[in-house]
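I'd like to ask you about the structure that follows.
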2 protein chains.
Amino acid sequence: MSTPRTPLSRERVLRTAVEIADAEGVEAVTMRRLARALDAEAMSLYHHVKNKDDVLDGVVDLIVGEINEAVEKIDAPAVGAAWKPAARERILTARSIFLRHPWAPPVFANRIAVGFEVVRYHDRFVGLLHDGGFSYDLAHHALHALGSRAMGFAQELFDPGDSDASEVPPEMAAAVPNLVAMLAEVAHDDPESTLGWCDDQFEFEFGLDLILDGLDRLRPSS
Amino acid sequence: MSTPRTPLSRERVLRTAVEIADAEGVEAVTMRRLARALDAEAMSLYHHVKNKDDVLDGVVDLIVGEINEAVEKIDAPAVGAAWKPAARERILTARSIFLRHPWAPPVFANRIAVGFEVVRYHDRFVGLLHDGGFSYDLAHHALHALGSRAMGFAQELFDPGDSDASEVPPEMAAAVPNLVAMLAEVAHDDPESTLGWCDDQFEFEFGLDLILDGLDRLRPSS
DNA sequence: ACCTGAACACCGTTCAAGT
DNA sequence: ACCTGAACACCGTTCAAGT
């Protein structure tokens with residue numbers, strides 16, 4: 001009667017979690033919902049993952065695994081000044097993976113535990129910087145300066161360009177004259193930003209290049 | 001018998017929420033816990049706040065209110081090249097407020113709705129940039145490039161300097177040789193980072209100066 | 001108007017029991 | 001070993017009722 005179910009496994013649980021999040025958002029990923037998608041009971045999951053936090057940690061590492069696969073494929077040796085376009089390409093490739101999982105950045109931001117794939121990504125990035133002439137000390141500062149940008153996404157508090165100058169209520173407009181003036185001048189024609197609450201492509205690249213250029217200037221023997 | 005209770009109000013609810021978060025962390029801020037601290041029932045809160053999201057939004061704005069108060073106090077007119085030290089001081093002052101509320105950055109990162117104080121902070125910042133010679137267009141890019149740094153905190157994915165080279169397990173060490181080499185060289189003597197999962201002071205200022213310097217270079221008539 | 005108790009519809013997770 | 005049902009201790013929130 002019942003088809004032979006494929007057995008549960010950590011791998012399968014995590015992949016299913018990503019599928020649910022892609023389709024319905026992260027908030028839809030509950031232990032009960034996850035179990036239902038796997039045709040099992042919620043409590044069965046606990047034999048393959050420690051708890052819900054473990055699920056989210058695993059999901060993060062799964063996605064960074066995707067990123068590592070894509071990024072290490074394009075890897076060409078880059079010495080000296082070539083570090084910058086190489087780093088840029090890595091980062092924009094990483095970003096392209098996030099565009100398929102727009103719910104992921106906020107989840108990443110809230111994780112404390114770092115999995116192997118995240119460590120691996122940063123290891124390769126440090127290698128790239130070092131080949132480019134960075135001391136390990138400067139490479140360390142570079143990672144901090146880039147923050148989440150090193151992995152392809154920016155976390156922004158709010159997008160002042162999202163609103164229209166004409167839609168600011170008058171009593172508020174008087175209190176924030178500079179923003180109103182800015183909005184009047186900045187035509188924001190892109191229909192929507194690409195990574196949800198995050199950034200859009202142009203602003204991401206603007207900020208990225210600003211930092212990469214700054215780092216290049218600090219690079220010894222440049 | 002019972003002392004005359006001060007009546008509930010949105011203000012009082014939000015202030016209490018901040019107190020609880022300061023003392024026990026944000027996860028302790030539940031409607032029931034909040035009500036108990038106010039000597040009321042959970043359901044009474046709903047007459048003063050719309051729901052829990054509204055509480056968190058309000059808490060964010062309350063803290064940015066603190067920041068605005070501190071930041072606008074130190075405001076000296078800064079035209080031309082003086083924009084940079086002025087922006088730097090604003091941002092580091094904002095940061096000092098966050099040091100009193102280390103639980104706040106992750107909460108900020110997850111909010112979508114932006115309150116008046118957040119808008120006001122950015123309005124003044126845009127004004128400062130404009131007085132410094134930035135076009136509104138460049139000021140807009142600058143806000144995006146700075147992201148949360150404009151308000152005084154950086155969100156980092158993980159701190160590679162947090163671990164010790166000697167404590168990396170051998171089988172992992174072989175897989176991430178660059179990080180091991182970096183950790184061996186980078187002596188991390190600061191006892192702990194200042195903003196929880198975030199950044200420490202030196203790295204924050206390093207990244208901040210990198211961006212401010214880059215922006216200054218793009219500034220017209222510099 | 002402001003406040004309340006009981007109840008509802010969810011969570012993640014523990015436990016003792018099944019195969 | 002792997003899986004399960006019932007139950008526990010929480011959530012945020014609705015509702016009808018109190019003053």
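This is a predicted model, so every value here is computed, not measured. Below, read A as the first sequence line, B as the second, and so on, with proteins coming before strands; counting in each chain starts at 1.
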Protein-nucleotide distance (Asp39(B), atom CG; dC2(C), atom C1'), rounded to Å: 15 Å
Once you round it to whole Å, what is the distance between P of dT13(D) and CG of Leu56(B)? 10 Å
How would you label the contact of Ser44(A) with the nucleic acid (heavy atoms, under 4.0 Å): base, sugar-phosphate, or nothing? base
Atom-pair distance (CD on Glu27(A); C1' on dG12(C)), nearest Å: 17 Å
Let me check I have this right: for DNA chain D, each base becomes ., (, ), [, ] or |, based on Watson-Crick or G-U pairs with both distances under 3.5 Å. What is the full string? .|.|||||...|||||.|.
Identify which nucleotide among dC3(D), dG5(D), dT13(D) has an atom closest to any side-chain atom of His48(A), counting heavy atoms from C-beta outward. dC3(D)
Among dA7(D), dC3(D), dC15(D), which is the nearest nucleotide to the side chain of Met43(B)? dC15(D)
Can you confirm if the NZ or CZ of Arg90(B) lies within 45° of the ring axis of Phe125(B) and under 6.0 Å from the centre of its six-membered ring? no
Starting at atom CZ of Arg36(A), determine the distance to atom C1' of dT4(D), rounded to an integer number of angstrom. 17 Å
Glu66(A) versus His101(A), side-chain donor and acceptor atoms under 3.5 Å: yes
Donor-acceptor pair (no angle test) under 3.5 Å: His47(B) side chain, dC3(C) base: yes
What is the distance, rounded to the nearest whole Å, between atom CE of Met31(A) and atom P of dT14(C)? 10 Å
Side chain of Arg32(B) only, please: which of dC11(D), dT4(C), dG12(C) is the nearest? dC11(D)
Round to a whole Å and report the spacing from NZ of Lys52(A) to P of dC10(D). 19 Å
If only side-chain N and O atoms of Tyr46(B) are considered, is one of them under 4.0 Å from the OP1 or OP2 phosphate oxygen of dT13(D)? yes
Before we go on, tell me: are the rings of His141(A) and Phe202(B) under 6.0 Å apart, centre to centre? yes
Atom CG of Asn51(A) and atom C1' of dC11(C) are separated, to the nearest Å, by 14 Å
How long is the span from the CD1 atom in Ile67(A) to the CZ atom in Arg124(A), to the nearest 0.5 Å? 14.5 Å
With the side chain of Glu41(B) defined as its heavy atoms from C-beta on, choose the nearest nucleotide among dG5(D), dA7(C), dT4(C). dT4(C)
Ring of Phe153(B), cation from Arg95(B) - is the NZ or CZ under 6.0 Å from the centre and inside 45° of the axis? no
Ring centroid separation His144(A) to Phe206(B) under 6.0 Å: no
Given atom CG of Leu34(A) and atom P of dC3(D), what is their separation to the nearest angstrom? 13 Å
When the aromatic ring centroids of Phe98(A) and Phe108(A) are compared, is their separation below 6.0 Å? yes
